[in-house]
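Read the structure below first, then the notes.
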Amino acid sequence: MPSVDLHCHSLYSDGSQTPTQLVEQAAAAGVTMLALTDHDSTHGLAEARLAAETVGIRLINGVEISAMWQKQLIHIIALNIDPETPLLKSGLQEQQLARAKRGRMIAEKLEYLGIEHCWQGVLALVDHDENRVGRAHFAQYLVNIGKVKQLQQAFDKYLGNGKPAAVPMPWTDMTTAISWIKAAGGVAVLAHPARYGLSQTKLRLLLADFQQVGGDAMEVSTANEKPNIILNLAALAQRFGLYASQGSDYHGINMPWLKLGKFSELPVGCKPIWETFEEIIT
Ligand code: AMP
Ligand code: MN
Ligand code: MN
Ligand code: MN
């Protein structure tokens, strides 16, 4: 199993574990380098760092930024950032406020559809911190009250694009997100490129633009990806001069099919992004 996992979530976004639990689980699973990449939030990093020092694994400061490319929602993983950088901090703060506002709007829509006490129910899942609220929490609430059987159904029936409780988001654009990452000294990684439902032609356009505006890498190996898709992504990374990244996108018990460190090794020929990180000499 790979020992480098550069994509996972704690309860500071839509994961179920504390940063400490995540780091301890990662160490137990044989992960030696872990990036915590919560959605639009760096709030779990300080705790994760303490835990990583205790268990002796290397923690990479990360965040998964929601962004728009043309009309397409994309996720950009920032790695090796200084989370205290003002430009990044203020950008993420705005995204968190937008999350809170969207949360209340989704709740209103669901309550209108007859799902009672929705906002209170969702707030209870995020320790009453509305800035953490994501669609996965609404999905979890709908599962908990028995409205749907699985998270996927909640997206298919209520939360997905064009569904009755969908709310379009004013996420930042790709270029701006990358500028925050660069200001914070980090590298920009396009997350799970095969999961946007893009044609090969459109995906190539995205990768060309991403590289053009300073993108450094793309995820090539992610959990549950078919071998031919991973090979295609590896070839695209080479073609567009991008480094390769890998990660489980672990979300804890919320998504039990994902496990820390569980995904395929990168195909030969990929340039691992983590090899560009400076060695820490202690
Ligand atoms: P948000 O950033 O709040 O819009 O939520 C995006 C997150 O929702 C993703 O990172 C996933 O964790 C989750 N998600 C999105 N689509 C699905 C789906 N079809 N099934 C399960 N989880 C999903
Ligand atoms: Mn998520
Ligand atoms: Mn994502
Ligand atoms: Mn993720």
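Please read these numbers as outputs of a predicted model, since none were measured by experiment. Numbering of ligands and ligand atoms starts at 1, following listing order. Both backbone and side-chain heavy atoms feed into the values below; hydrogens, waters and symmetry mates do not.
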Any ion pair linking [Y] and [X] (charged N to carboxylate O, less than 4.0 Å)?
{"X": "Glu130", "Y": "Arg104", "answer": "yes"}
{"X": "Arg195", "Y": "Asp249", "answer": "yes"}
{"X": "Asp156", "Y": "Lys163", "answer": "no"}
{"X": "Asp5", "Y": "Lys259", "answer": "no"}

Numbered atoms and elements of ligand 1 in range of [X], under 4.0 angstrom, heavy atoms:
{"X": "Met255", "result": "12 (O)"}
{"X": "Gly134", "result": "3 (O)"}
{"X": "His39", "result": "10 (O)"}

Q: Going by the side-chain contact (heavy atoms from CB on, under 4.5 Å) test, name the single residue among Leu125, Asp127, Val126 that passes it with Leu123.
A: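 Among Leu125, Asp127, Val126, the one meeting side-chain contact (heavy atoms from CB on, under 4.5 Å) with Leu123 is Val126.
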Is it the case that [X] and [Y] place a side-chain donor and acceptor less than 3.5 Å from each other?
{"X": "Glu64", "Y": "His75", "answer": "yes"}
{"X": "Gln93", "Y": "Ser90", "answer": "no"}
{"X": "Trp69", "Y": "Asp173", "answer": "no"}
{"X": "Ser10", "Y": "Gln17", "answer": "no"}

Q) Counting N and O atoms only, with roles assigned by atom type, does the side chain of Ser221 sit under 3.5 Å from a partner on the main chain of Phe263, one being a donor and the other an acceptor? A)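 Side chain of Ser221 to backbone of Phe263: no pair is present.
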**Q.** Test item: Ser16 side-chain N/O and Ile253 main-chain N/O as donor-acceptor pair under 3.5 Å
**A.**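 Such a contact is found between Ser16 side chain and Ile253 backbone.
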For [atom], find the nearest protein heavy atom and state the residue, atom name and distance (0.1 Å precision).
{"atom": "atom 13 (C) of ligand 1", "answer": "Phe155 CZ, 3.7 Å"}
{"atom": "atom 4 (O) of ligand 1", "answer": "Arg135 NE, 2.8 Å"}
{"atom": "atom 7 (C) of ligand 1", "answer": "Asp14 OD2, 3.6 Å"}
{"atom": "atom 2 (O) of ligand 1", "answer": "Arg99 NH2, 2.9 Å"}
{"atom": "atom 20 (N) of ligand 1", "answer": "Gln152 OE1, 3.3 Å"}

Q.
Using a strict cut-off of 2.8 Å, how many protein N/O/S atoms surround the Mn ion (ligand 3)?
A.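 Of the protein's nitrogen, oxygen and sulfur atoms, 3 lie under 2.8 Å from the Mn ion (ligand 3).
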Q.
Just to be sure I read this right, does ligand 1 sit under 4.0 Å from the backbone of Arg102, its side chain, both, or neither, counting only heavy atoms?
A.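 It is the side chain that touches ligand 1; the backbone stays farther off.
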Q: Tell me which part of Met169 gets within contact of ligand 1: side chain, backbone, both or neither, using heavy atoms under 4.0 Å.
A: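 For Met169, no heavy atom sits under 4.0 Å from ligand 1.
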Q. Can you tell me if His251 has an N, O or S atom under 2.8 Å away from the Mn ion (ligand 4)?
A.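 For His251, the answer is no, given that no N, O or S atom comes within less than 2.8 Å of the Mn ion (ligand 4).
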**Q.** Under 3.5 Å: N/O of His251 near N/O of ligand 1
**A.**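 Looking only at distances, the answer is yes, because the N/O contact criterion of under 3.5 Å is met.
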Q: Report yes if some heavy atom in the side chain of Tyr141 is under 4.5 Å from a heavy atom in the side chain of His117; otherwise report no.
A: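 Yes, their side chains come closer than 4.5 Å.
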